[in-house]
Amino acid sequence: MQKPGLPEGTRDFGPEQSRRRAYIFETVRTVFIKYGFQPLETPAMENLSTLTGKYGEEGDQLLFKILNNGDFLKNADPDILTTKNSARLVPEISKRGLRYDLTVPFARFVVMNRHALTFPFKRYQIQPVWRADRPQKGRYREFYQCDADVIGSESLQYEAELVQIYDEAFAKLHIPVQIKINNRKALFGIAEAAGITDRFTDMTVAIDKLDKIGMDGVRRELTDRGIPAAATELLEKILSAPSINALRPVFAASETGLKGLEELDRVFRFLEKLPLQNDLVFDITLARGLSYYTGCIFEVVAKGVSMGSIGGGGRYADLTGVFGMPGLSGVGISFGADRIYDVLEALACFPKSLTTSVPVLFVALDDATHAYAFECVSRVRAAGIPAELYPEPGKLKKQFEYAAKLNIPLVAIAGETEMQNKTIAVKNQQSGEQRTMALEELMTTLGA
RNA sequence: GAGGAUGUAGCUCAGCCGGUUAGAGCGCAAGUUUGUGGCACUUGAGGUCGGGGGUUCGAAACCCCUCAUUCUCCCCA
């Protein structure tokens, strides 16, 4: 016998968890559909060549690789085998991997199906992704993303729409959030102003941590990364007055920087007269890791819960270029369903109705009434009402306990008398009240 | 990749410096109640103390190794 277990960072979802997760997916999906996004599903595994090189060096290490089938060592290069160089061995023995996000598979899909698609193409996708990261709080090795992307248009209208989607979905989920927005071009403008465009990535990584490690920490980080003191000083000045208008003079010499501010301005103007239920804030320190972002970038954090970001996204000018279809601009957002789950739990914000499986349980006392109850439960189901019948007639104690444990609010008892009178004794589990009624009345109560 | 923490009953955990038959709460099963759950009481089942090795008269406890889980950093949803 072996002890059962799960791979690190993965989880089972019991009935209640599954119902709660479905609630999150449905809420998000409903909003996606409302904004005209179309469903898409792609395989769990992709060719490794599709995935590698898209997420930076770190990302490649976090990819789950799938071992080739068959005698995969037979054709592997013997030199590589003997040198034990893992990095070089991987392509020899693995040609597929689990997807790391939904955006790259989407780009692959768009390129492969360009003739069949109408642009701008808006798709949503709700599927699991896998990352070989070290699991910790709010971080799993298998987790769901709910993505909405539109590709084939540069209109900033879509940035505004995606903000509305975030706002609407989180309002529906009753999670108060802060939607942060920034623009990679604005970030580049800073680098230009500071004369450190060659250290752009180092710079963004450092200032991204401002709210976490403070200005002193950022200064240290910049110095450690070898950014000159003069540039650091200027950065400090810029970060201390972070509003779109305040940045304009700084970017006087940076065309890209000004363009970034302009784009941000457009997005805010779209939304100006349309009140949001959550905060939309410009945050110049927001950087986001994925290197393919080129324009506006988003991140969502829940207020009052320390959980990292529960959503993120942005615009990428040329995501499909690597697959041979350049010049197609896209913008998208992602909801981190698993973290949203954790936040909803921390906030105790799940609807109570999600704990009930069926509204009524039928119970019987002996074989004869069991048959009668079977008829009753069938008729109730035929009317479209979920219902259950306990499989063992007799001991009512057991049957009532079953109803209590499954949170079933009504128990319908079929006894000798009820069967003869074509009625059913219905007990309300919460109030303890019990009344004998015709089956039709029960169905009416349950809203048939 | 770097560093901490924790592994004892189905679950959550107690078990202090090594010392008799390893405990509690919850849960589970049966009963008090053969047409009525939650409450109460009674009884019962259930443990290779993560695994391996070592120290010792004696190890759940101390040491080493190993496996697993979890948290932090890096990075991210």
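Below, chain A is the first sequence line, B the second, and so on; all start at residue 1. No hydrogens, no waters, no symmetry mates; every other heavy atom, side chains included, goes into these values.
B:A22 and B:G46 have their P atoms separated by 14 Å, with the value rounded to a whole Å. For the P atom pair drawn from B:C62 and B:A5, the interatomic distance equals 13 Å after rounding to whole Å. Taking atom C1' in both B:A60 and B:G1, the straight-line distance is 34 Å, to the nearest Å. Nucleotides B:A45 and B:G7, compared at atom C1', are 25 Å apart to the nearest Å. Taking atom C1' in both B:G27 and B:G47, the straight-line distance is 16 Å, to the nearest Å. B:C41 and B:G25: their P atoms are spaced 11 Å apart (whole Å). Nucleotides B:C67 and B:G31 have their P atoms positioned 48 Å apart, rounded to a whole Å. Comparing the P positions of B:G3 and B:C17 gives an interatomic distance of 28 Å, to the nearest angstrom.
Heavy-atom contacts from other residues, nucleotides or ligands closer than 6.0 Å to CZ of A:Arg11 number more than 12.
In this structure, the ring-ring contact (aromatic ring centres under 6.0 Å, His included) partners of A:Tyr124, at least two apart in sequence or on a different chain, are A:Phe32. Remark: A:Tyr166 engages no residue in a side chain to side chain donor-acceptor pair (under 3.5 Å) (not counting sequence neighbours). When the side chain to side chain donor-acceptor pair (under 3.5 Å) test is applied to A:Arg99, the partners found at least two apart in sequence or on another chain are A:Thr42. Partners of A:Thr285 according to the side chain to side chain donor-acceptor pair (under 3.5 Å) rule, which considers only residues two or more places apart in sequence or in another chain, are A:Asp283. Every residue was checked against the salt bridge (Lys or Arg N to Asp or Glu O under 4.0 Å) condition with A:Asp366, not counting sequence neighbours, and none meets it.
Within the structure, ring-ring contact (aromatic ring centres under 6.0 Å, His included) pairs that include any residue of residues 400-447 of chain A comprise A:Tyr390-A:Tyr402 (at least two apart or interchain). The stretch residues 346-372 of chain A participates, sequence neighbours left out, in these ring-ring contact (aromatic ring centres under 6.0 Å, His included) pairs: A:Tyr341-A:Phe350.
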How does each nucleotide of nucleotides 4-11 of chain B score, in 5' to 3' order, for protein heavy atoms under 4.0 Å: base (B), sugar-phosphate only (S), or none (-)?
--------

How does protein contact run along nucleotides 38-43 of chain B, one letter per nucleotide 5' to 3', with B for base contact, S for sugar-phosphate only, - for none, heavy atoms under 4.0 Å?
B-----

Would you sketch RNA chain B in dot-bracket for me? Only Watson-Crick or G-U wobble pairs with both distances under 3.5 Å count, crossing pairs as [ ], other-strand pairs as |, the rest as dots.
(((((((..((((.....[...)))).(((((.......))))).....(((((..]....))))))))))))....

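If you check B:C74, B:A77, B:G35 against the side chain of A:Arg339, the one that comes closest is B:A77.
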Dump the pairs, protein N or O against N or O of nucleotides 68-71 of chain B, anything under 3.5 Å, distances to one decimal.
residue, atom, partner, partner atom, Å
B:U69, OP1, A:Leu6, O, 3.4
B:U69, OP1, A:Glu8, N, 2.9
B:C71, OP1, A:Lys137, N, 3.4
B:C71, OP2, A:Lys137, N, 3.4

Under 3.5 Å, which donor-acceptor pairs do the side chains of residues 169-180 of chain A form with other protein atoms, sequence neighbours left out?
none

